[in-house]
Amino acid sequence: MPLPNPHLPDYRAGMNESGDSLGASFARFADEIRRAAPTYGAICEGVAAAPEVLALLDGVPAPQRRPVLLLAAVHHRLLESPEEPLARHYRTITSESDNSDPVPAFIAFCAKHARALRSTISNRSTQTNDVGRAALIYLALSPIAADSQAPLGLVDIGTSAGLNLHLDRFTYRFHDEDGGEVRLPGSAPELDCLVRGATVDAVLDTSLPRIGNRLGVDPSPIDPRDPEEARWLLACLWPDQIERVDRLRAALTVAADHRNEVEILTGSGVDRVAEGVERARAAGCLPVVVNTWSLTYFTPSDRVTYVEELDRLGANDDLAWIYLEAPNETPELPWGEVDRNISLSVLRHIHWKGGQRSERTVGIAHPHGRWIEITDR
Ligand SMILES: C[S@@+](CC[C@H](N)C(=O)[O-])C[C@H]1O[C@@H](n2cnc3c(N)ncnc32)[C@H](O)[C@@H]1O
């Protein structure tokens, strides 16, 4: 099957910048993203030759010393300074985006706000929460829910602002290449997902999953009710991807409105997943552990421990695990027949039921859930 290329610049960028000069990594990043994100492409090309701007990343640990951290820090500051000339180039701030060269305004902005930018850069790490992935989780969850007598207890590892814990509350439009379409009404945002390689009817059970417990784990959870925290999530998105911003704002509203129905554990998923599973069981639910673009942030040995922990937790009691990750970044996960060298987002699930363990690849997906190529029919 030919593999579609979803373009993953925001995740790949700067993942392995060590050994590379920072200027060169900005230049390479500019090349990668220019077509999909012209504003950030132009800015990164300009920054590659601006040592005074690159110096803002001095002293930052290697894993975070990447273009996306500087871009997010500037965007974060700019969201509260919309009067700045640079804001005219950001469609997240102005609807009439200025198409002239943004680099002079970017450099001037960095000089003026250097102190605040340094503080953000040293205290934050890039952190997205893309609710478009809820459509993919929904697809994997649908047969598990249909099969379970008990309500589901979501245990979202790397939950960020916990947005995907509300996946049963959003509106979905699933459609296929044969013209089939299923619309599941709910709150904004409306998430649109193209199903390739199968009909929607074949892969989707339209009854809403019954969710009885919602728990997330993250070392740096974001409180959706706190405007300052929410601003950091918005800043991690790109001004060239305005549709993601609208989606995020709508999902933050849902998460803020229902924050008291969610429990968040602060810490690493590897240390706290067992606690999350036990809480779901104590609430009379089938625990469903979910990790979407989170295990890439674990160390390899923590990924090994996490997999062992889930096998242990599923050995004597029923458990489901849904994961959407890139195999090449998380080769320690059970990828079955999937090539571990691919850098695409692969959606799989494992089900421990009555002592039996079964695993399934649902498909290869767009990293933000816009489409999925079903490989299991
Ligand atoms: C790219 S975001 C993905 C967020 C969310 N799962 C989604 O799909 O939108 C990665 C998240 O993993 C979290 N994270 C990093 N290391 C972690 C760890 N050891 N345990 C749990 N979460 C972690 C980060 O704080 C961040 O919120």
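Counting starts at 1 for both ligands and their atoms, following the listed order. Note that the structure is a prediction, hence the values are computed from the model and not measured.
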Counting each atom of ligand 1 from 1 as listed, which ones have a heavy atom of [X] under 4.0 Å away?
| X | value |
| --- | --- |
| Ser294 | 6 (N), 12 (O) |
| Trp293 | 1 (C), 2 (S), 3 (C), 10 (C) |
| Asp130 | 7 (C), 9 (O) |
| Ser268 | 18 (C), 19 (N), 20 (N) |

| field | Atom CZ of Arg281: over 12 foreign heavy atoms under 6.0 Å | value | yes
| field | Atom CD of Glu96 with >12 non-hydrogen neighbours under 6.0 angstrom | value | no
If you take the nearest heavy atom of each of [options], which one is closest to [atom]?
| atom | options | answer |
| --- | --- | --- |
| atom 3 (C) of ligand 1 | Thr128, Thr126, Val270 | Thr128 |
| atom 23 (C) of ligand 1 | Ser160, Ser345, Pro219 | Pro219 |
| atom 12 (O) of ligand 1 | Ser125, Gly158, Gly162 | Gly158 |

| Going by heavy atoms in the side chains, are Val362 and His349 under 4.5 Å from each other? | yes
| field | Side-chain heavy-atom pair Arg370, Cys193 within 4.5 angstrom cut-off | value | no
Any nitrogen or oxygen of [X], main chain or side chain, under 3.5 Å from a nitrogen or oxygen of ligand 1?
| X | value |
| --- | --- |
| Gln127 | yes |
| Phe298 | no |
| Arg133 | yes |
| Thr159 | no |

| Geometric cation-pi criterion Arg348 and Trp335, 6.0 Å radius, 45° cone | no
| Test side chain to side chain donor-acceptor pair (under 3.5 Å) applied to Asp178 - qualifying residues, sequence neighbours left out | none
| request: State which residues pass side-chain contact (heavy atoms from CB on, under 4.5 Å) with Arg231; sequence neighbours excluded, sorted by chain then number. | output: His76, Leu79, Glu80, Glu228
| Parallel, tilted or perpendicular, as decided by the 30° and 60° cut-offs, for the rings of Tyr306 and Phe298 | perpendicular
